Amino acid sequence: MLAIAADKAARNRVQVDLVTAGTLMAAESRLRLERFDLVVLDLTLPDSFDADMTIARIANMGQHRIAVASGSEKSQDAVDTAARCGCNIAPEAVHKASLPFNRFIQRPDAFEDFLIGLMPTPAASAARAA
């Protein structure tokens, strides 16, 4: 669904490039080779057995922002732990079931707004850098 929303956004000249990975190992491989501003991480990937370890592995792969989008009931616990450890992570887990995919497809700017909303505010970025 995210790939369809990203395709619609690109057709409407919204600046979104979406790269997907079906496993944690595939995601790590992409993160070694490419630079990303935002990594939307599903904690229920087939080879993701421990949420905290999954976030730690992705966080150590570069200077990107992580956002957790998962159906797991424990996803917010993992986000809270990662935030306490200083990880560059969006403070709230996004539950996949609540994502408005139809709105993203009908209004590509809403998809961009969703992604931008997961990024840190300039003030938060400056405070973390200090």
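Remember, predicted model here, so these are calculated numbers, not experimental data. Any value given below was found using the heavy atoms of this structure, including those in side chains, with hydrogens, waters and symmetry copies removed.
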Peer 1: Any donor-acceptor pair under 3.5 Å linking the side-chain atoms of D80 with those of Q76?
Peer 2: yes
Peer 1: Would you check if P120 and R65 make a side-chain contact, meaning some heavy-atom pair closer than 4.5 Å?
Peer 2: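 Sidechains of R65 and P120: in contact.
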Peer 1: Search all heavy atoms of I66 against all heavy atoms of C87 and return the closest pair with its distance.
Peer 2: CD1-SG, 4.0 Å
Peer 1: Let me confirm one number: the CG-NZ distance from D109 to K8, rounded to the nearest 0.5 Å.
Peer 2: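 Answer for the CG-NZ pair, D109 versus K8, is 12.5 Å.
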Peer 1: Looking at P46 and T23, what are the two nearest heavy atoms and their distance?
Peer 2: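 That closest heavy-atom pairing would be CG-CG2, 4.3 Å.
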Peer 1: Look only at the side chain of H64 and the backbone of I58, and say whether a donor-acceptor pair between them is shorter than 3.5 Å.
Peer 2: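 Yes; at least one donor-acceptor contact below 3.5 Å.
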Peer 1: Hey, are the side chains of M119 and D37 touching, using non-hydrogen atoms and a 4.5 Å cut-off?
Peer 2: yes
Peer 1: Just how far is it from atom OG of S70 to atom CG of L41, taken to the nearest 0.5 Å?
Peer 2: 8.0 Å
Peer 1: Quick check: closest heavy atoms across L45 and A21, and the distance to 0.1 Å?
Peer 2: CD2-O, 4.2 Å
Peer 1: Please tell me whether I105 and V94 are part of a single hydrophobic cluster in this structure, the criterion being side-chain heavy atoms less than 4.5 Å apart.
Peer 2: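 Yes.
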Peer 1: Evaluate the salt bridge (charged side-chain N to carboxylate O under 4.0 Å, His left out) criterion for residues D42 and K96: first the C-alpha distance (whole Å), next the side-chain angles of each, then the deciding distance (0.1 Å), finally the verdict.
Peer 2: CA-CA 9 Å; D42 184 345; K96 289 191 294 188; 2.6 Å; yes
Peer 1: Are F111 and L38 linked, directly or through other ILVMFWY residues, by side chains that come within less than 4.5 angstrom of each other?
Peer 2: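 Yes, because F111 and L38 connect within a single hydrophobic cluster, where side-chain heavy atoms sit under 4.5 Å apart.
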Peer 1: What's the shortest heavy-atom distance between E34 and V19, and which atoms?
Peer 2: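 Reported closest heavy-atom pair: OE1-CG2, 4.4 Å.
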Peer 1: Under 4.0 Å between a Lys/Arg side-chain N and an Asp/Glu carboxylate O for R11 and D7?
Peer 2: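 Salt bridge flag = yes for D7 with R11.
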Peer 1: Please check: side-chain N/O of S29 versus main-chain N/O of M25, any donor-acceptor pairing under 3.5 Å?
Peer 2: no
Peer 1: Grouping I, L, V, M, F, W and Y whenever their side-chain heavy atoms are under 4.5 Å apart, do L99 and I4 come out in a common cluster?
Peer 2: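 Yes, one cluster joins them.
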Peer 1: Quick one: closest heavy-atom pair of T44 and S72, and the distance?
Peer 2: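 Heavy atoms of T44 and S72 come nearest at CG2-CB, 4.0 Å.
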Peer 1: Show, in sequence, the C-alpha distance, side-chain angles and deciding distance for S75 and H95, and conclude whether the side-chain contact (heavy atoms from CB on, under 4.5 Å) test is met.
Peer 2: CA-CA 8 Å; S75 57; H95 295 280; 3.7 Å; yes
Peer 1: Supply the atom-to-atom distance D50 CG to K74 NZ, rounded to the nearest 0.5 angstrom.
Peer 2: 10.0 Å
Peer 1: Is F36 linked to L115 within one hydrophobic cluster, defined over Ile, Leu, Val, Met, Phe, Trp and Tyr using a side-chain heavy-atom separation of less than 4.5 Å?
Peer 2: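 Not linked; separate clusters.
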Peer 1: I need the N60 CG to L31 CG distance, nearest 0.5 Å.
Peer 2: 11.0 Å
Peer 1: Cut-off 3.5 Å, side chains only: do R57 and T54 have a donor facing an acceptor?
Peer 2: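 Judged by distance alone, the side chains do not pair up.
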Peer 1: Test of understanding: clusters of I, L, V, M, F, W, Y form through side-chain heavy atoms closer than 4.5 Å, transitively. Do L43 and L118 belong to the same one?
Peer 2: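 No; tracing contacts between hydrophobic side chains, which count when under 4.5 Å, never links both residues.
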Peer 1: Between A5 and F104, what is the shortest heavy-atom contact and its length?
Peer 2: CB-CB, 3.8 Å
